[in-house]
Asker: 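Questions regarding the structure given below will be posed in turn.
Remember, it's a predicted structure, so these values are computed and weren't measured experimentally. Below, chain A is the first sequence line, B the second, and so on; all start at residue 1.
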Protein chains: 2
Amino acid sequence: MATIADVARAAGVSPSTVSYALSGKRPVSDETRRRIERSVAELGYHPNAGARALAGKRAHIIALAVPLRTDVYVPIMMEIATSVTVAARKHSYDVLLITNDEGPDGIRRLTASGLADGVILMDVELDDKRIPALGKMQAALIGLPEAPGGLSCVDHDFAAAGALCADHLADLGHRDVAFIGYAPGIYRRHAGYAERTLVGFRARAQEHGLRFLHRPCEGTYEGTAGALGRILADRPETTGFVVQNEGAIGPLLNLLRTSGRTVPEDASVIALCPERLAEQYTPALTAVTGSAKELGRIAVEQVMSRISASMCGEQPADDLVLLPPTLTIRESTGPI
Amino acid sequence: MATIADVARAAGVSPSTVSYALSGKRPVSDETRRRIERSVAELGYHPNAGARALAGKRAHIIALAVPLRTDVYVPIMMEIATSVTVAARKHSYDVLLITNDEGPDGIRRLTASGLADGVILMDVELDDKRIPALGKMQAALIGLPEAPGGLSCVDHDFAAAGALCADHLADLGHRDVAFIGYAPGIYRRHAGYAERTLVGFRARAQEHGLRFLHRPCEGTYEGTAGALGRILADRPETTGFVVQNEGAIGPLLNLLRTSGRTVPEDASVIALCPERLAEQYTPALTAVTGSAKELGRIAVEQVMSRISASMCGEQPADDLVLLPPTLTIRESTGPI
DNA sequence: CGCGGTCGTCGAAGCGCTTCAATGTTGCCG
DNA sequence: CGGCAACATTGAAGCGCTTCGACGACCGCG
């Protein structure tokens with residue numbers, strides 16, 4: 001394996017010059033730089049990661065803490081993971097995967113060993129036990145904790161998404177609407193995304209003078225049947241439905257059909273879910289969506305900026321980004 | 001951050017003794033070891049990863065190359081990724097994520113920089129362009145390439161899975177069966193898993209004297225409708241269906257129902273898909289499954305054994321593991 | 001009692017890189 | 001033409017760890 005000394009010898013300069021030429025931290029004459037670049041290419045030189053980390057005091061690695069939980073829509077997690085990896089590479093960083101089963105200790109280990117310069121925490125809960133473990137480690141959170149003090153966070157603007165749903169249904173003339181949400185356990189756990197969506201929806205629905213019901217719902221056929229049954233029993237005049245539980249979408253459409261309601265003529269359904277999911281139903285679903293890719297990309301920018309700030313001895317600025325959602329009108333909503 | 005020297009000072013020994021105590025590469029008296037362990041705990045010492053990699057000539061990191069493709073069932077990928085991470089941690093290894101968009105160069109970079117000691121390639125194709133880039137890097141492949149010469153591979157035994165389907169349908173008395181496969185493009189690409197399943201199914205079906213049709217099928221409602229339509233037109237007496245395309249399962253069940261066939265009374269459906277998927281349909285699907293977790297675990301064992309072999313100067317043995325599939329009988333198959 | 005052999009410990013070298021202080025070189029101004 | 005920048009380059013130190021060879025202490029054996 002070629003070392004920096006090999007390159008230096010081949011280019012007829014000293015190792016330090018090669019280092020400076022490659023890092024650009026000091027000016028190097030064009031002539032010298034060219035010779036060095038040629039030698040690097042010829043020898044297929046790549047700096048040794050360990051040595052670089054040791055001497056340079058940064059590992060050029062960020063850690064990505066993925067959840068083990070499976071009650072979230074997994075493809076989204078994967079999408080975020082790949083967008084994080086791609087975005088990190090743009091900064092010449094690599095991505096280390098850590099799972100929750102090591103718990104907060106995993107994060108402590110990274111901090112203490114200098115393996116990673118920063119962390120991205122996915123699927124952050126309101127009161128996430130991983131946050132205290134961060135210590136001095138630079139971090140970006142995907143999801144909003146209760147107390148984001150001094151941390152960088154990025155998330156979908158779920159409140160805006162909820163509001164968008166209310167707007168759309170109100171615009172179409174619906175007066176009685178129902179919100180079919182996540183499983184009760186999720187609300188009990190005070191998952192931020194679930195609550196914020198609901199709050200946004202509720203507020204805007206009230207502004208529009210809509211009457212509405214919220215029904216938590218397990219993402220199963222039976223769960224959905226129960227939720228829908230109670231909605232139609234409590235308020236049979238309901239014509240607008242908002243679903244935030246991926247598992248309930250298919251059942252809901254079937255149940256509406258079998259109860260004699262045609263979508264979108266008799267009932268409008270609007271989903272809070274990824275594009276791909278919304279498109280694969282019949283009828284294709286009007287949906288409010290956020291970009292998972294964007295989430296990952298921004299989280300990377302946030303850690304990167306924190307890392308470079310902390311390298312310069314500055315106090316990294318905290319930062320909160322809420323990504324605006326998009327409403328895509330498809331075939332499942334219509335005027336009443 | 002505490003260093004090995006700090007620990008040594010606190011324990012009243014030399015740094016090398018601490019190193020030996022922690023690695024166990026040389027005997028250390030119980031008394032000394034205890035003092036060292038106490039100091040380690042008190043100081044919260046974790047060896048610096050960079051220094052360890054530099055001096056020890058191994059990074060304690062394996063890379064995991066995940067596909068960017070989305071025409072595979074993503075949760076499986078995620079499951080493999082987490083099981084790899086968990087298994088790697090058991091060996092005190094961490095996992096670095098690399099995506100295909102860097103292509104073979106990404107792998108070359110890892111090899112040259114010594115960032116990773118080994119690689120696991122997921123979703124390996126028959127003629128995978130990443131394989132030549134491996135060079136001297138220790139690797140395990142998840143999936144079977146055309147020429148696994150000298151490499152370690154692990155995959156589901158798709159042929160056995162296909163055979164299991166044929167067995168089950170034959171046992172139940174079905175004589176005319178259909179295999180609803182992946183999209184034609186997948187067969188044209190000669191994806192190993194698709195072909196092997198089909199081969200295994202075909203051979204066993206013939207042994208049982210079954211008559212059967214194979215229909216590639218896009219994973220959409222329309223695609224499935226077309227495939228099923230042709231099957232029922234060509235051979236209306238077909239009563240057994242094997243589906244290997246996740247996207248076709250839902251549509252198939254609906255289509256059978258609307259064509260007046262009750263499952264499992266009039267037609268049996270057996271799916272080649274993950275458990276979780278099979279369970280969520282009504283009726284719950286009889287399915288042939290392999291364990292994704294196991295795939296990841298074994299791949300890790302394979303790289304680990306190769307890494308330690310190569311550290312000892314031995315030639316790592318190649319290894320091929322095909323995981324036997326399991327048939328889980330649920331509600332979608334019955335005697336005819 | 002002396003010799004070889006363990007056993008436990010230590011000092012020092014070195015892994016490949018970054019970075020600082022210092023050196024040599026050139027060019028410009030007064 | 002002397003002196004002082006500014007620039008390009010270098011040697012050497014050191015990051016924190018592993019590992020090798022060496023050393024002293026202690027044991028049992030002849």
Asker: Atom NE2 in B:H91, atom CG in B:D117: separation rounded to 0.5 Å?
Answerer: 13.0 Å
Asker: Can you check side-chain hydrogen bond (donor to acceptor under 3.5 Å, both in side chains) on B:S29 and B:T32, steps first, answer last?
Answerer: CA-CA 5 Å; B:S29 70; B:T32 309; 2.6 Å; yes
Asker: Determine, for B:K90 against B:E301, whether the closest basic-nitrogen to carboxylate-oxygen distance falls under 4.0 angstrom.
Answerer: no
Asker: Tell me, yes or no, whether the heavy-atom count around B:D127 atom CG, taken from other residues, nucleotides or ligands under 6.0 Å, exceeds 12.
Answerer: no
Asker: Let me know the distance between CE of B:M1 and C1' of D:dC17, rounded to the nearest Å.
Answerer: 16 Å
Asker: Could you walk me through whether A:T17 and A:S14 satisfy the side-chain hydrogen bond (donor to acceptor under 3.5 Å, both in side chains) test, starting with their C-alpha distance in whole Å, then the side-chain angles of each, then the deciding distance to 0.1 Å, before giving a yes or no?
Answerer: CA-CA 5 Å; A:T17 305; A:S14 78; 3.2 Å; yes
Asker: Mind calculating the distance between NE2 (A:H60) and C1' (D:dC15) to the nearest angstrom?
Answerer: 14 Å
Asker: Among residues 41-56 of chain B, which residues get a heavy atom nearer than 4.0 Å to DNA chain C?
Answerer: B:L54, B:A55
Asker: Rounded to the nearest angstrom, tell me the gap between atom CE in A:M311 and atom C1' in C:dT18.
Answerer: 13 Å
Asker: Starting at CG of B:D6 and ending at C1' of D:dC17, how long is that distance when rounded to a whole Å?
Answerer: 13 Å
Asker: Looking across every strand, which nucleic acid part, if any, lies under 4.0 Å from B:T3 by heavy atom: base, sugar-phosphate, or nothing?
Answerer: sugar-phosphate
Asker: Give the rounded distance in Å between these two atoms: NZ of B:K57 and P of C:dA13.
Answerer: 17 Å
Asker: Which distance, rounded to the nearest 0.5 Å, do you find between the CD1 of B:I76 and the NE2 of B:H156?
Answerer: 6.5 Å
Asker: What is the distance, to the nearest angstrom, from the CG atom on A:D117 to the C1' atom on D:dC15?
Answerer: 15 Å
Asker: Counting only side-chain nitrogens and oxygens, does A:K25 get under 4.0 Å of the OP1 or OP2 atom of C:dT19?
Answerer: yes
Asker: Between A:R297 and A:E294, does any NZ, NE, NH1 or NH2 come within less than 4.0 Å of an OD or OE carboxylate oxygen?
Answerer: yes
Asker: For residues 103-110 of chain B, run the donor-acceptor check on the side chains, cut-off 3.5 Å, and write out each pair with its distance to 0.1 Å, sequence neighbours left out.
Answerer:
unit_1	atom_1	unit_2	atom_2	d
B:D105	OD1	B:R108	NH1	2.7
B:R109	NE	B:E102	OE2	3.1
B:R109	NH1	A:D94	OD2	2.8
B:R109	NH2	A:D94	OD1	3.0
B:R109	NH2	B:E102	OE1	3.1

Asker: How close or far is atom P of D:dG16 from atom CG of A:L115, stated in whole angstroms?
Answerer: 15 Å
Asker: For A:K136, does the NZ atom sit with more than 12 other heavy atoms under 6.0 Å from it, leaving out its own atoms?
Answerer: no
Asker: Just by protein heavy atoms under 4.0 Å, how would nucleotides 6-11 of chain C read 5' to 3' in B, S and -?
Answerer: --SBBB
